[in-house]
Protein chains: 4
Amino acid sequence: MGSTGRVGRPPAGDSAETRRRILHAARIRFARDGYRATTNRLIADDVGITPGAIYHYVESKAELYAAVYCDTVDHVYTDFERVVAGERHLLAQFSAVLERACDLQMNDPSITGFIVAVAQETQRHPDLLALLSPQRGRHSRFFTGLVEAAAERGELQADVDQRALADLLGAVLSGLARMSAAAGDPKRYTAAVEVLERFFDGSLVSVRS
Amino acid sequence: MGSTGRVGRPPAGDSAETRRRILHAARIRFARDGYRATTNRLIADDVGITPGAIYHYVESKAELYAAVYCDTVDHVYTDFERVVAGERHLLAQFSAVLERACDLQMNDPSITGFIVAVAQETQRHPDLLALLSPQRGRHSRFFTGLVEAAAERGELQADVDQRALADLLGAVLSGLARMSAAAGDPKRYTAAVEVLERFFDGSLVSVRS
Amino acid sequence: MGSTGRVGRPPAGDSAETRRRILHAARIRFARDGYRATTNRLIADDVGITPGAIYHYVESKAELYAAVYCDTVDHVYTDFERVVAGERHLLAQFSAVLERACDLQMNDPSITGFIVAVAQETQRHPDLLALLSPQRGRHSRFFTGLVEAAAERGELQADVDQRALADLLGAVLSGLARMSAAAGDPKRYTAAVEVLERFFDGSLVSVRS
Amino acid sequence: MGSTGRVGRPPAGDSAETRRRILHAARIRFARDGYRATTNRLIADDVGITPGAIYHYVESKAELYAAVYCDTVDHVYTDFERVVAGERHLLAQFSAVLERACDLQMNDPSITGFIVAVAQETQRHPDLLALLSPQRGRHSRFFTGLVEAAAERGELQADVDQRALADLLGAVLSGLARMSAAAGDPKRYTAAVEVLERFFDGSLVSVRS
DNA sequence: CATGAATGAGACTTCATTCAT
DNA sequence: CATGAATGAAGTCTCATTCAT
């Protein structure tokens with residue numbers, strides 16, 4: 001909106017700050033509404049600028065998505081890699097990741113919301129794929145790497161399908177994140193993770209028949 | 001079939017048949033590309049009609065989505081309710097549902113693909129919510145019902161958060177379905193479910209320390 | 001515009017006729033204002049439709065240009081080829097072409113106006129080139145062909161640069177067409193051609209000193 | 001140079017020099033890409049400044065065009081007037097102009113390229129007309145003046161349409177300039193002029209039957 | 001003198017939807 | 001029942017221009 005019909009440079013616009021606000025607003029919208037339904041106007045309105053101004057910071061909507069992806073993947077997987085480093089076993093690592101994701105979720109649900117939607121969006125908008133590929137590796141190899149390491153440590157039965165296990169872990173994490181996004185309540189993620197932990201340690205079911 | 005005892009119309013170019021084909025094509029598109037990116041033209045092209053003709057069968061794109069939802073929810077939960085009726089314990093019921101979903105997935109990935117996307121789509125396009133609500137109950141109360149029944153049977157510790165458990169089960173199922181959709185390969189769903197089953201019966205990890 | 005805010009199919013729109021009117025309006029605009037300055041809205045206003053309606057007839061503005069090109073090149077060079085067939089010598093052929101171009105010019109100045117602008121437009125908008133290339137040959141080889149034939153008939157000194165001669169003939173024709181377009185008066189083309197003819201037959205200058 | 005006896009300013013980063021570079025870059029762009037497709041940013045990039053800086057030197061893009069026009073017309077017609085002064089007959093004067101234009105063309109094709117596009121641009125962007133009119137006279141009356149003088153010298157048959165002859169000469173010159181611009185090769189201008197000269201002196205055609 | 005953030009108008013294009021036929 | 005011409009709103013993006021710094 002810009003408050004007045006004024007034109008020209010605003011009194012004291014901090015450029016880096018504006019960029020951050022654009023990326024932040026974009027992540028929230030992309031996470032909640034998806035790539036397609038997120039219009040430049042919605043993002044611009046959230047930031048308090050006009051749609052065209054976005055093009056001072058990114059070259060296109062697709063590049064905006066890629067910029068958000070870059071930021072967010074870096075943030076999330078740096079975190080995840082740190083917490084798994086503190087654990088020795090696959091299940092403990094997975095638990096630690098789930099808990100770290102809880103924190104992220106409570107702190108800013110758009111972070112996990114964005115990440116878990118990426119796979120769908122790239123499938124729906126193949127032009128995004130090319131822009132994201134430089135960073136895709138880190139994302140897609142996280143659970144694969146965890147499982148491989150566990151196998152090397154001899155934690156798994158020899159005949160386990162490693163890709164399927166990595167798929168499972170990823171699916172559980174993203175299923176939970178999406179559930180809480182759909183519920184609009186990050187606490188439901190936390191609660192569900194707690195139930196899952198109880199399942200792991202056997203305190204869920206009353207009697208095992 | 002069954003709505004009216006229609007008689008005498010030629011079998012080819014049948015109106016009810018055309019409606020079915022529209023709903024089917026729409027489900028595939030909605031599941032793969034999402035509500036927004038699915039245009040009437042794409043659906044019409046798949047069916048072999050023109051976009052305007054869709055309006056003979058539904059009043060709007062949103063109502064088309066609702067019609068698909070109605071059909072699909074009915075199909076899926078009738079199936080699911082049937083298989084859970086054959087099991088006595090929550091975990092067995094969940095396993096049965098996962099296996100039934102495997103079959104659906106192999107048979108027509110658009111069925112589960114559509115269902116697991118509904119929550120996101122209604123959040124992204126709130127106008128869909130009103131049209132879907134008549135049928136939302138069945139969908140959202142499925143796992144809740146399973147968990148409640150298990151609690152009544154005394155299968156759960158008394159302090160278990162039932163909604164969280166239902167959320168967890170739903171999240172795992174939809175996480176798996178989405179993973180396989182993203183992978184574009186229903187067999188990865190099957191494989192991941194097999195790993196999950198091995199987790200249940202303890203044959204996944206080599207040694208429990 | 002559309003006279004009323006009505007929507008839906010107009011009472012009796014002849015589709016082929018509308019297409020012709022779009023191409024015609026587009027040719028006039030392209031010839032006078034150039035590709036860039038010619039907006040879909042201007043064309044649509046000329047035709048009495050909305051800008052989006054153009055996309056029922058062509059896939060893009062560039063394809064509209066190509067369609068106009070196709071039509072116009074065909075029209076012009078069919079004419080030109082017919083008149084040169086009636087003449088034996090290069091100069092007579094060129095005169096015949098100039099005269100035929102007079103008629104075209106008087107009849108519809110946008111025809112020659114469009115043709116003589118094509119080279120510039122394709123240079124300025126390289127994406128047009130690809131769309132036009134299927135038809136470019138006819139255009140670019142017309143004078144080349146005339147000159148080659150004249151050389152084969154032995155009309156030219158052996159050392160004449162044939163490409164330069166073809167360039168000259170093309171330049172004179174298009175220079176004249178453009179002059180009259182700039183003047184906004186087709187009669188100035190006719191008058192200039194008459195002067196040129198008098199130059200050919202020696203009745204221009206009063207005495208050669 | 002010469003406007004004011006500027007003294008003491010450092011030679012580098014000189015304001016007048018920057019203005020010259022802007023005008024030069026603008027002429028090249030205007031000549032090659034046209035007024036519309038030439039953006040302030042392209043010009044600024046060529047010069048090594050930012051688009052906003054252009055507004056320190058001219059008040060608008062249209063005035064920039066006018067400034068280029070002013071410079072270029074002055075340059076070209078001062079040249080042309082000098083060479084025609086050395087000739088006695090219309091045809092010789094025209095030849096001299098064609099040859100001088102050859103030199104210009106080889107030296108800096110943007111000069112003639114700009115000039116021959118002016119008529120079109122003013123037609124396409126009527127707002128330019130007002131800004132150019134102060135200088136239009138020199139341009140439009142050059143060949144008119146030549147022809148009038150020739151008529152006064154008795155070189156022409158009495159019934160010759162003088163405006164048409166001036167139109168013809170202008171059309172030939174600008175047709176040739178444009179042809180070479182389209183070909184992207186100034187040598188084709190030179191070659192075509194040579195052929196035209198051979199036409200004048202009768203050494204083009206092998207036999208006049 | 002110059003930058004660069006920002007605007008606002010407007011371009012091309014897509015699409016759900018309508019309706020005469 | 002179906003077509004297909006047409007609309008109008010909206011979306012992405014471009015660009016001349018302004019102005020605080």
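We name chains A, B, ... by the order of the sequence lines, and we start the count at 1 in each one.
Considering NZ of K61(A) and OH of Y35(A), their distance stands at 5.0 Å, rounded to 0.5 Å. Separating the CZ atom in R20(C) from the CG atom in D71(C) is a distance of 10.0 Å, to the nearest 0.5 Å.
Whole-Å rounding puts the R19(D) CZ to dC1(E) C1' distance at 15 Å. Between the CZ atom of R20(B) and the C1' atom of dC1(F) there is a distance of 17 Å, rounded to whole Å. Regarding I43(A), its CD1 atom lies at a distance of 11 Å from the P atom of dC13(F), rounded to whole Å. I49(B) places its CD1 atom 13 Å from the P atom of dA16(E), with the value rounded to the nearest Å. In this structure, D45(B) atom CG and dA16(E) atom P are separated by 12 Å, rounded to whole Å. At whole-Å resolution of the value, CD in E17(A) and P in dA5(E) are 14 Å apart. For the pair D127(D) CG and dT17(F) C1', the interatomic distance rounds to 15 Å; values are reported in whole Å. Between N40(C) atom CG and dC12(E) atom P the separation is 4 Å, expressed in whole Å.
Each of L64(C), V47(C), T18(C) was scored for a side-chain contact (heavy atoms from CB on, under 4.5 Å) with L23(C), with one residue passing: L64(C).
In this structure, D33(B) and Q123(A) have side chains that are not in contact, with every pair of non-hydrogen atoms separated by 4.5 Å or more. By the 4.5 Å heavy-atom criterion applied to side chains, I28(B) and I43(B) are not counted as neighbours.
Close to dG4(F), at under 4.0 Å from its OP1 or OP2, lies no side-chain N or O of T50(B).
With dT13(E), dC15(E), dA16(F) as the candidates, the nucleotide lying closest to the side chain of T39(D) is dA16(F). For T18(D), the listed nucleotide lying nearest its side chain is dA2(E); candidates were dA2(E), dC1(F), dG8(F). The side chain of R36(C) has dC15(F) as its nearest neighbour among dC15(F), dA16(E), dC13(F).
Where R41(B) and I22(A) each meet DNA chain E at their nearest nucleotide, the meeting point lying more 5' is that of I22(A). For the pair Y35(B) and G52(A), nearest-nucleotide mapping onto DNA chain E gives the more 5' position to G52(A).
Nearest heavy atom pair, residue E121(C) against residue L128(C), reads O-CD1, 4.1 Å. Here the closest heavy-atom approach between residue F30(C) and residue R124(D) is recorded as O-NH2, 4.3 Å. Closest approach of A31(A) to G113(A), counting heavy atoms only: CB-C, 3.7 Å.
Non-hydrogen atoms lying under 4.0 Å from DNA chain F are contributed by Y55(A), S60(A), K61(A), all within residues 54-67 of chain A.
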Can you give the donor-acceptor pairs under 3.5 Å from side chains of residues 50-60 of chain D to other protein atoms, not counting sequence neighbours?
from, atom 1, to, atom 2, distance (Å)
Y55(D), OH, N40(D), ND2, 3.1
S60(D), OG, A62(D), N, 3.4
S60(D), OG, E63(D), N, 3.1

Secondary-structure notation, DNA chain E, from Watson-Crick and G-U pairs under 3.5 angstrom (| other strand): .||||||||||||||||||||
